Amino acid sequence: MGRSLAVILPLILWIHSSIYAQQPAERDSSWQLIWHDEFDVPLNRDTWHSEHGFVRNHEAQWYQAENAFTEDGLLVLEARLDSIPNPRYRKGSNDWQRQRPYAKYSSASVNTRKSFSFKFGQMEVRARIPAVEGSWPAIWTLGMSYPWPSCGECDIMEFYHIKGIPHILANAAWGENKPFHPLWNTKAIPYSHFLEKDPLWSQQFHTWLMDWTEDYIRIYLDGELINDIDLSKTINGSIGNNTNPFHSPHYILLNLALGGDNGGRISDDTFPLKYEIDYVRVWQRKKEEAGPPPSSFPPFGRG
């Protein structure tokens, strides 16, 4: 009997810990909603700063403010077929941001870099994403204590094709000893995993949650744990002074990229594309910190 218990008890504990790990921390009276946007009124341009132009990752879209707007209680980031002159164009340039005389596509990227940041807590986003090849929507955060990637990047959601197969990703990045050389903790889940649960998955709104403590970041999609990031391992190299970028405040980014390093082949037949966000909410336990960004490093990053 004792030998059986010795075998069964570890199994019970493993099952219990596995079930517990699948659940985000429940909110009781110690939690408070410290910041949110329900997008029920015109987009607050003081809250959501818009990026402009060709920004990162060799992407195809020209970011502009007019592609981000609220409609029917949603924030809409819309990607469009377009023809926008590139004021930085230089014939024969080796700089990808200067090589194209026109941008064939426009889209939107907004962030709270100038208005809001937080450290630890839960960030919840309900959204419907355009799940087509060439589309690269994201929900992510960046720190500001160091240049990227030593500032820390958390990708709560990315969607793109990997070797022709669509995936949903949840990642974290931090710095090593070389500039612009990130270390990654990446989880890429085939999109088919979600379609098996609901063949109409792309037509529905879904909820992403980042549960962030001093010890871990856990990322959930509709309550399913999709990445569990051990923050004892996210230590920067020398450029980040061997600090942990996930022990500093981060700000929020929402964007709809096209093509580039990861987005894949763009089909003009799919436009316009709409990435729709129902709300963004940030909860914290009452002892945790929120506040304005601590510095002004530029918003680099992959998402």
Side-chain angles (χ1 to χ4, degrees), residues 49 51 53-59 63 95-97 109-123 125 136-160 162 167-188 208 210-219 226-255 257 260-263 282 288-303:
H49 167 73
E51 294 190 285
F54 296 129
V55 178
R56 61 178 72 85
N57 300 324
H58 308 96
E59 293 160 2
Y63 281 139
D95 182 345
W96 74 274
Q97 293 173 311
S109 175
V110 297
N111 65 67
T112 65
R113 179 170 167 250
K114 296 181 179 179
S115 62
F116 172 74
S117 66
F118 70 105
K119 183 178 78 171
F120 307 146
Q122 292 185 351
M123 178 175 135
V125 180
W136 185 359
I139 303 166
W140 49 309
T141 71
L142 283 175
M144 296 184 70
S145 297
Y146 297 96
W148 187 86
S150 297
C151 61
E153 173 180 337
C154 182
D155 301 316
I156 301 162
M157 181 277 291
E158 291 187 290
F159 170 91
Y160 56 78
I162 301 173
H167 286 73
I168 289 178
L169 299 96
N171 322 301
W174 58 99
E176 57 165 356
N177 297 322
K178 297 179 181 179
F180 306 113
H181 277 247
L183 299 170
W184 288 99
N185 178 319
T186 295
K187 289 293 175 67
W208 281 266
M210 175 177 71
D211 188 13
W212 179 16
T213 74
E214 186 175 358
D215 301 317
Y216 61 78
I217 292 175
R218 291 175 180 156
I219 299 171
I226 56 176
N227 199 354
D228 188 347
I229 301 158
D230 181 355
L231 297 189
S232 69
K233 299 178 180 178
T234 60
I235 306 302
N236 281 322
S238 57
I239 294 174
N241 290 325
N242 305 112
T243 58
N244 192 324
F246 300 105
H247 287 174
S248 297
H250 280 221
Y251 66 96
I252 302 166
L253 304 95
L254 306 168
N255 70 290
D261 295 342
N262 290 322
V282 178
E288 293 173 354
E289 300 177 19
S295 63
S296 57
F297 284 105
F300 296 108
R302 190 180 73 175

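What you are looking at is a predicted structure, and each value in this text was computed from that prediction instead of being measured.
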Residue pair [X] / [Y], side-chain heavy-atom distance below 4.5 Å:
X: Thr234; Y: Asn244; answer: yes
X: Phe180; Y: Trp148; answer: yes
X: Tyr251; Y: Phe116; answer: no
X: Ile168; Y: Tyr160; answer: no
X: Thr213; Y: Phe120; answer: no
X: Ile229; Y: Tyr216; answer: no
X: Trp140; Y: Glu153; answer: yes
X: Cys151; Y: Trp174; answer: no

Could you report the tightest heavy-atom contact between [X] and [Y], atom names first, then the distance?
X: Tyr63; Y: Asn255; value: OH-ND2, 2.9 Å
X: Ala188; Y: Leu169; value: CB-CD2, 3.7 Å
X: Gly263; Y: Trp136; value: N-CE3, 3.6 Å
X: His247; Y: Lys119; value: O-CD, 3.1 Å

So, Asn185 and Asn227: side-chain donor and acceptor under 3.5 Å apart, yes or no?
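Asn227 and Asn185 do have a side-chain donor-acceptor pair below 3.5 Å.
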Taking [X] for the side chain and [Y] for the main chain, is one N or O donor matched with an acceptor at less than 3.5 Å?
X: Asn236; Y: Ser150; answer: yes
X: Asp211; Y: Arg218; answer: no
X: Asn241; Y: Thr243; answer: no
X: Asn111; Y: Arg113; answer: yes
X: Gln97; Y: Phe54; answer: yes
X: Trp212; Y: Phe246; answer: yes
X: Ser248; Y: Pro245; answer: no

Taking only residues two or more places apart in sequence or in another chain, which ones pass side chain to side chain contact (heavy atoms under 4.5 Å, CB included) with Thr141?
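Thr141: side chain to side chain contact (heavy atoms under 4.5 Å, CB included) contacts with Met123, Cys154, Ile156, Met210, His250.
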Quick one: do Ile252 and Val282 satisfy side-chain contact (heavy atoms from CB on, under 4.5 Å)? Show the steps, please.
CA-CA 10 Å; Ile252 302 166; Val282 178; 4.1 Å; yes
Out of curiosity, His49 NE2 to Leu253 CG, how far, rounded to the nearest 0.5 Å?
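The NE2 atom of His49 sits 9.5 Å away from the CG atom of Leu253.
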Could you tell me the separation between the CD atom of Glu158 and the CG atom of Asn171, rounded to the nearest 0.5 Å?
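Glu158 atom CD to Asn171 atom CG measures 5.0 Å (nearest 0.5 Å).
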Would Phe159 and His167 count as a side-chain contact (heavy atoms from CB on, under 4.5 Å) here? Give the steps.
CA-CA 6 Å; Phe159 170 91; His167 286 73; over 6 Å; no
Residues that His58 engages under ring-ring contact (aromatic ring centres under 6.0 Å, His included), provided they are two or more places apart:
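Scan of His58 (ring-ring contact (aromatic ring centres under 6.0 Å, His included), adjacent residues dropped) gives Trp96.
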